[in-house]
Amino acid sequence: MGVQQYDEIGEAFEGFKSLPLIRYGEVPSFLGMVGDVSGKSVLDLACGTGFYSRELKRRGATDVLGVDISVEMIAAAREMEQRDPLGARYEVGDVAELRPLDRRFDIAVAVQCLNYAEDIAAMERMCRNIHGSLVPGGEFFVLAQKPDYRFDCASLDKYGFRCEPTGEETETGPRVRVTALLEPQPISIVSGVPRREVYEKCLRVTGFSEVEWVPLQASESGIREFGEDFWADLLAHPPLEMLRCRA
């Protein structure tokens, strides 16, 4: 479901990070949840163009490997690494069929990754591969579409996005079309919205524990930029949610 649509986006995917929802919501919330990575090794799954790989390297991670199923996304990530060398490594790979890696990592991150599993078996394979790539006690951090997001709530347009159900249902949950309202051309991506119990069961049966859901927040800089009232609709019905657990 995800490969072709991401291959067609390429480096334009970086533009997502400039939109209010991502810049002042997702990015600070996710990095805040991950916390201090100084001296730690990080596996960035579904790394896209390497935004989080680069950010975690800047924050002191010793070894960062980004993996993505899209050839074009990895090409863009490697090109950015060449322009501004930070020491992050990238390779093309499917998380559901992840090759044995040359080491185990302290931390794994997966932003918009598990929600692309076509069915429960595929999500279990993803989780099992991720668990096997972590040191005992290693941490796994996830960001994805909020499992019980209400599509009839206030519009997300002012935050830079539109979120609409496609009407399709899979074994893991409904599908959604998310449109980034970029100029001059909006970009739409279709993904799954797995149910909360699907995430929790897949993680637990593959060995993860301490599974905890973490809400999205608006950053202090976002509140200074737009004011508190601007963020009220987003915080009342956030389209994204985070999750943390331990191997």
Side-chain angles (χ1 to χ4, degrees), residues 1-27 29-30 44-55 66-77 80 90 92-96 109-119 122-123 126 141-195 198-199 216 234 237-243:
M1 179 168 55
V3 186
Q4 185 176 356
Q5 56 187 349
Y6 279 99
D7 276 344
E8 291 169 356
I9 296 170
E11 196 165 335
F13 187 62
E14 285 290 296
F16 281 48
K17 299 297 187 282
S18 67
L19 299 172
L21 170 61
I22 307 299
R23 182 176 181 181
Y24 298 110
E26 175 197 306
V27 173
S29 293
F30 190 69
D44 183 4
L45 300 152
C47 68
T49 51
F51 175 87
Y52 283 106
S53 295
R54 293 191 300 277
E55 191 59 38
V67 178
D68 199 280
I69 197 170
S70 166
V71 173
E72 293 302 322
M73 288 283 178
I74 291 297
M80 282 181 247
Y90 300 99
V92 177
D94 181 351
V95 179
V109 299
V111 173
Q112 304 289 13
C113 174
L114 298 182
N115 47 313
Y116 283 98
E118 293 287 352
D119 51 33
M123 189 184 286
M126 285 181 172
F141 301 97
V142 177
L143 182 139
Q145 305 302 120
K146 184 177 173 68
D148 40 19
Y149 177 69
R150 281 183 45 207
F151 295 99
D152 61 350
C153 62
S155 166
L156 297 171
D157 285 28
K158 67 180 177 181
Y159 307 113
F161 283 86
R162 193 167 293 144
C163 192
E164 306 157 303
T166 66
E168 300 171 274
E169 191 80 20
T170 71
E171 185 184 21
T172 62
R175 283 187 178 174
V176 62
R177 178 176 293 101
V178 175
T179 302
L181 303 176
L182 295 166
E183 295 289 348
Q185 181 66 44
I187 295 175
S188 291
I189 295 171
V190 175
S191 72
V193 187
R195 295 181 299 279
V198 171
Y199 280 113
L216 201 73
L234 179 77
H237 302 287
L240 303 171
E241 193 165 8
M242 306 181 298
L243 189 154

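Everything quoted here is computed from the prediction, not taken from an experiment.
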Is any side-chain heavy atom of [X] closer than 4.5 Å to a side-chain heavy atom of [Y]?
{"X": "L181", "Y": "L156", "result": "no"}
{"X": "L182", "Y": "F16", "result": "yes"}
{"X": "L240", "Y": "F30", "result": "no"}
{"X": "E171", "Y": "E118", "result": "no"}
{"X": "F51", "Y": "M80", "result": "no"}
{"X": "P239", "Y": "L234", "result": "yes"}
{"X": "I189", "Y": "Q112", "result": "no"}

For [X] versus [Y], what's the shortest heavy-atom pair and its separation?
{"X": "S191", "Y": "Q145", "result": "OG-CG, 4.1 Å"}
{"X": "C47", "Y": "Y90", "result": "SG-CD2, 4.0 Å"}
{"X": "A122", "Y": "A96", "result": "O-CB, 4.3 Å"}
{"X": "T49", "Y": "A76", "result": "CG2-CB, 3.8 Å"}
{"X": "T179", "Y": "E164", "result": "OG1-OE1, 4.5 Å"}
{"X": "L19", "Y": "G160", "result": "CD1-O, 3.4 Å"}

Can you tell me how far the [atom1] atom of [X] sits from the [atom2] atom of [Y], to the nearest 0.5 Å?
{"X": "D44", "Y": "Y52", "atom1": "CG", "atom2": "OH", "answer": "9.5 Å"}
{"X": "F161", "Y": "S188", "atom1": "CZ", "atom2": "OG", "answer": "10.5 Å"}
{"X": "M123", "Y": "Y116", "atom1": "CE", "atom2": "OH", "answer": "12.5 Å"}
{"X": "E169", "Y": "R175", "atom1": "CD", "atom2": "CZ", "answer": "10.0 Å"}

Answer yes or no: is there a donor N or O on one side and an acceptor on the other, between the side chain of [X] and the main chain of [Y], under 3.5 Å?
{"X": "R54", "Y": "A77", "result": "no"}
{"X": "D68", "Y": "I74", "result": "no"}
{"X": "N115", "Y": "A144", "result": "no"}

Looking at R195, I want to see if its CZ is surrounded by more than 12 non-hydrogen atoms of other residues, nucleotides or ligands under 6.0 Å.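 Yes, the 6.0 Å shell around CZ holds more than 12 heavy atoms from other groups.
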
Partners meeting side-chain contact (heavy atoms from CB on, under 4.5 Å) with P147 (sequence neighbours left out):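 Listed in chain order: R196, Y199, W213, E241.
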
Which residues pass the ring-ring contact (aromatic ring centres under 6.0 Å, His included) test with Y159, sequence neighbours left out?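 Counting only residues at least two positions away or on another chain, Y159 forms a ring-ring contact (aromatic ring centres under 6.0 Å, His included) with F230, W231.
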
ring-ring contact (aromatic ring centres under 6.0 Å, His included) involving Y149 - partner list, sequence neighbours excluded: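 Expected list: F151.
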
Is D148 salt-bridged to R150, going by a charged N under 4.0 Å from an acidic O?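 Salt bridge flag = no for R150 with D148.
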
Working note: E26 + M242, criterion side-chain contact (heavy atoms from CB on, under 4.5 Å); need CA distance, chi angles, decisive distance, verdict. CA-CA 9 Å; E26 175 197 306; M242 306 181 298; over 6 Å; no

